Colleague: 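Here it is, the structure, as structure tokens.
We count ligands from 1, going down the list as the structure has it; atoms in each ligand are counted the same way. This one's a predicted model, so the numbers in the text were calculated from it and none came from an experiment.
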Amino acid sequence: MQYCKRSNDIILTALGEQFKAFHQNLTEQPVASVFTGPVVAELPDVGVSFEALNTLITEQVRPNLSASNGGRYWGFVTGGANPVATYADWLVTTFNQNVSKGGDSIASDIERQTLGWLCELFALPHTFNGIFTTGATAANVLVAFTARQYAGHAQNIDITQAGMADLDVGIFSATPHASMVKSLGFAGFGQNGWQKIACNPNNESMDINALEVALAECKAASKIVIASAATVTGTDFDDIEAIATLCQKYHAWLHVDAAFGIFERLINGKDGKTRGIERADSITLDCHKWLNVPYDCGVFLTQHMDLLTQCCEVSAAYLASPENTLSYMSLGIENSRRFRAFPVWATLLAYGKQGVTDNIKANMLHARQLANWLDKSDKYELLKPCELNVVLFKPNAAVLNLTSAQCMAKLNASGQVFLTPGAWQGEPIIRAALSNWATNVDDVQRVIAALDGI
Ligand SMILES: Cc1ncc(COP(=O)(O)O)c(C=O)c1O
């Protein structure tokens with residue numbers, strides 16, 4: 001096939017057909033694919049025709065995908081791509097803007113407005129600003145960089161310029177997400193460079209008294225506290241208000257990883273489980289989780305844009321631009337950046353606060369319906385009341401004689417649902433995380449039938 005503008009019509013028609021066929025099949029195909037391996041053996045010297053490529057996609061790629069965009073993929077914390085965001089994401093590719101320097105496109109302004117809308121949606125003060133990232137992990141990397149810069153400042157070290165060698169820092173967390181630990185490694189703190197604070201009983205949230213003791217005992221010149229809202233397994237929220245007060249007292253940076261938990265704020269407001277988050281120095285959230293925009297879309301927010309800029313500033317003669325405001329290239333990891341704010345902008349505009357909130361409510365309701373059934377069933381044990389969108393359970397060994405791993409494998413092999421494992425209070429368990437707009441009561445009934453059929 002040759003590069004040619006006439007191809008656009010053929011491609012548009014094919015896209016429409018692929019879209020329809022994929023979605024028509026989404027409720028009937030097995031939720032998880034068992035196929036692995038490449039579908040084509042060799043890189044061709046001379047390319048194949050578009051028709052041949054499309055046939056290959058239709059026959060070999062599409063049938064072997066997961067139904068992660070459908071209503072019964074309940075592994076990890078997986079959002080679906082809502083219809084408006086899907087459309088906007090196609091346009092992102094069509095427009096192919098590079099949201100880095102600005103001064104030549106409206107794209108940077110739309111990113112700025114969208115960040116402002118997210119702050120408004122979550123009732124965060126306008127002292128927060130930030131940048132769209134590829135996901136919550138990349139946002140957590142920016143957290144580690146910015147907190148590191150803050151820690152250096154207290155010791156008169158500009159870490160970005162001078163490096164970490166002389167930095168003296170204590171980092172505290174109860175149940176950090178694995179991506180936060182990974183980010184601490186990236187930033188040079190080391191994946192083991194943090195102190196575990198005890199959790200409250202039968203819960204993954206931080207014991208505040210234990211944090212106070214650790215902060216008081218810590219001799220390091222700078223301190224960082226990493227809080228969770230919510231934890232990925234227990235959906236437990238740290239008491240952010242109390243932690244913020246301690247951070248103020250001990251001059252510690254407060255980060256809150258609220259990748260999906262921040263959406264609880266749409267249900268219970270500022271005085272719900274995220275109370276105090278507005279006092280954080282930085283916040284991570286994910287739009288490709290509970291806002292249901294396509295991958296890849298996370299957000300880093302901070303009240304210290306000056307520190308973020310110190311970490312990420314890029315200057316080179318060839319990068320000079322007429323943009324007056326700070327450019328995104330100097331606020332994040334990437335120099336060249338996808339217009340990933342656009343599907344979020346379109347989603348917020350098309351569905352509004354109400355539409356987004358209704359979606360969260362529906363997922364929470366369906367998660368509770370599943371939890372209620374499990375609680376009543378003699379085949380399973382519900383391990384924790386479901387207060388958000390994740391349900392933790394295990395098979396009742398007396399009735400099913402299966403380990404959690406065996407039970408989960410059977411359920412996933414049924415093709416009706418996809419679940420992923422976890423650990424609760426040291427025990428292997430099964431997690432069901434509902435965060436897709438497409439999940440409906442029929443999906444819940446189908447999964448219950450699969451659970452009952454084990
Ligand atoms: C609390 C929390 N933080 C960070 C992440 C990482 O998110 P991502 O996979 O978008 O990088 C997750 C993912 O589940 C999460 O639940």
Side-chain angles (χ1 to χ4, degrees), residues 66 68-69 73-81 85 89 118 122 130-147 173-187 191 194 199 203-206 225-238 240 243 254-265 273-274 277 280 282-302 332-334 338 340-341 343-344 360 363-364 367 387-392 418-424 431-436:
S66 76
S68 58
N69 214 16
Y73 188 99
W74 294 351
F76 316 106
V77 184
T78 306
D89 204 63
L118 284 173
F122 296 121
I131 184 168
F132 277 88
T133 61
T134 52
T137 302
N140 281 339
V141 172
L142 291 180
V143 170
F145 290 162
T146 316
S173 191
T175 315
H177 189 264
S179 65
M180 190 66 242
V181 176
K182 177 173 163 178
S183 302
L184 293 177
F186 286 158
Q191 291 201 8
W194 59 285
C199 292
N203 203 286
E204 290 178 326
S205 64
M206 200 182 297
V225 176
I226 296 161
S228 298
T231 58
V232 73
T233 302
T235 65
D236 293 316
F237 290 72
D238 287 339
I240 303 167
I243 295 174
L254 171 57
H255 172 62
V256 182
D257 185 342
F260 64 101
I262 197 155
F263 288 86
E264 185 269 352
R265 223 160 151 83
K273 292 172 193 260
T274 61
I277 198 170
S282 57
I283 298 173
T284 286
L285 64 101
D286 239 341
C287 295
H288 62 212
K289 289 191 168 62
W290 232 352
L291 196 63
N292 278 237
V293 303
Y295 291 106
D296 51 19
C297 194
V299 176
F300 169 77
L301 292 175
T302 182
I333 296 166
E334 307 145 305
R338 187 173 168 79
R340 59 176 68 90
V344 176
I360 304 301
N363 282 155
M364 288 174 64
E387 292 180 13
L388 202 66
N389 62 331
V390 181
V391 182
L392 307 185
F418 182 72
L419 301 162
T420 46
W424 185 247
R431 283 174 74 251
L434 281 67
S435 26
N436 190 322

Colleague: Looking at ligand 1, does M180 have a heavy atom less than 4.0 Å from it?
Modeller: no

Colleague: To the nearest 0.5 Å, what is the distance between CD1 (I262) and CG (L291)?
Modeller: 11.5 Å

Colleague: Please answer whether the main-chain N or O of N203 pairs with a side-chain N or O of D236 as donor and acceptor at a distance below 3.5 Å.
Modeller: no

Colleague: Closer than 4.0 angstrom: is that true for some heavy atom of F76 and an atom of ligand 1?
Modeller: no

Colleague: Sub-3.5 Å donor-acceptor pair from the side chain of D296 to the main-chain atoms of G298, do we have one?
Modeller: no

Colleague: Have E204 and T175 got a donor and an acceptor in their side chains that come within less than 3.5 Å?
Modeller: no

Colleague: Any N or O on N140 sitting closer than 3.5 Å to an N or O of ligand 1?
Modeller: no

Colleague: Which residue holds the protein heavy atom closest to atom 11 (O) of ligand 1, what is that atom called, and what is the gap in Å?
Modeller: T137 OG1, 2.5 Å

Colleague: Counting distance only, does the side-chain N/O of W290 pair as donor-acceptor with the main-chain N or O of C287 below 3.5 Å?
Modeller: no

Colleague: Treating S435 as the side-chain partner and T78 as the backbone partner, does any N or O pair qualify as donor plus acceptor under 3.5 Å?
Modeller: yes

Colleague: Which heavy atom of the protein is the closest neighbour of atom 12 (C) of ligand 1, given with residue, atom name and distance?
Modeller: H177 NE2, 3.1 Å

Colleague: As an exercise, identify every atom of ligand 1 less than 4.0 angstrom from a heavy atom of V232.
Modeller: 14 (O), 16 (O)

Colleague: Under 3.5 Å between any N/O of V77 and any N/O of ligand 1: does that happen in this structure?
Modeller: no

Colleague: Can you find a pair of side-chain heavy atoms, one from R338 and one from D89, that are under 4.5 Å apart?
Modeller: yes

Colleague: Using a 4.0 Å cutoff against the non-hydrogen atoms of F260, which atoms of ligand 1 qualify?
Modeller: 16 (O)

Colleague: Report the nearest protein non-hydrogen atom to atom 9 (O) of ligand 1: residue, atom name, distance rounded to 0.1 Å.
Modeller: K289 NZ, 3.7 Å

Colleague: Could you list which atoms of ligand 1 come closer than 4.0 Å to a heavy atom of S179?
Modeller: 4 (C), 5 (C), 6 (C)

Colleague: Listed by chain and number, what are the ring-ring contact (aromatic ring centres under 6.0 Å, His included) partners of F418, not counting sequence neighbours?
Modeller: Y73

Colleague: Quick check on contacts: which atoms of ligand 1 are under 4.0 angstrom from a heavy atom of D286?
Modeller: 7 (O), 8 (P), 10 (O)

Colleague: Using a 4.0 Å cut-off to any heavy atom of H288, which atoms of ligand 1 qualify?
Modeller: 10 (O)

Colleague: Excluding sequence neighbours, so at least two apart, what forms ring-ring contact (aromatic ring centres under 6.0 Å, His included) with H255?
Modeller: none

Colleague: May I ask you to identify the nearest protein heavy atom to atom 1 (C) of ligand 1, giving residue, atom name and distance to one decimal place in Å?
Modeller: D257 OD1, 3.5 Å

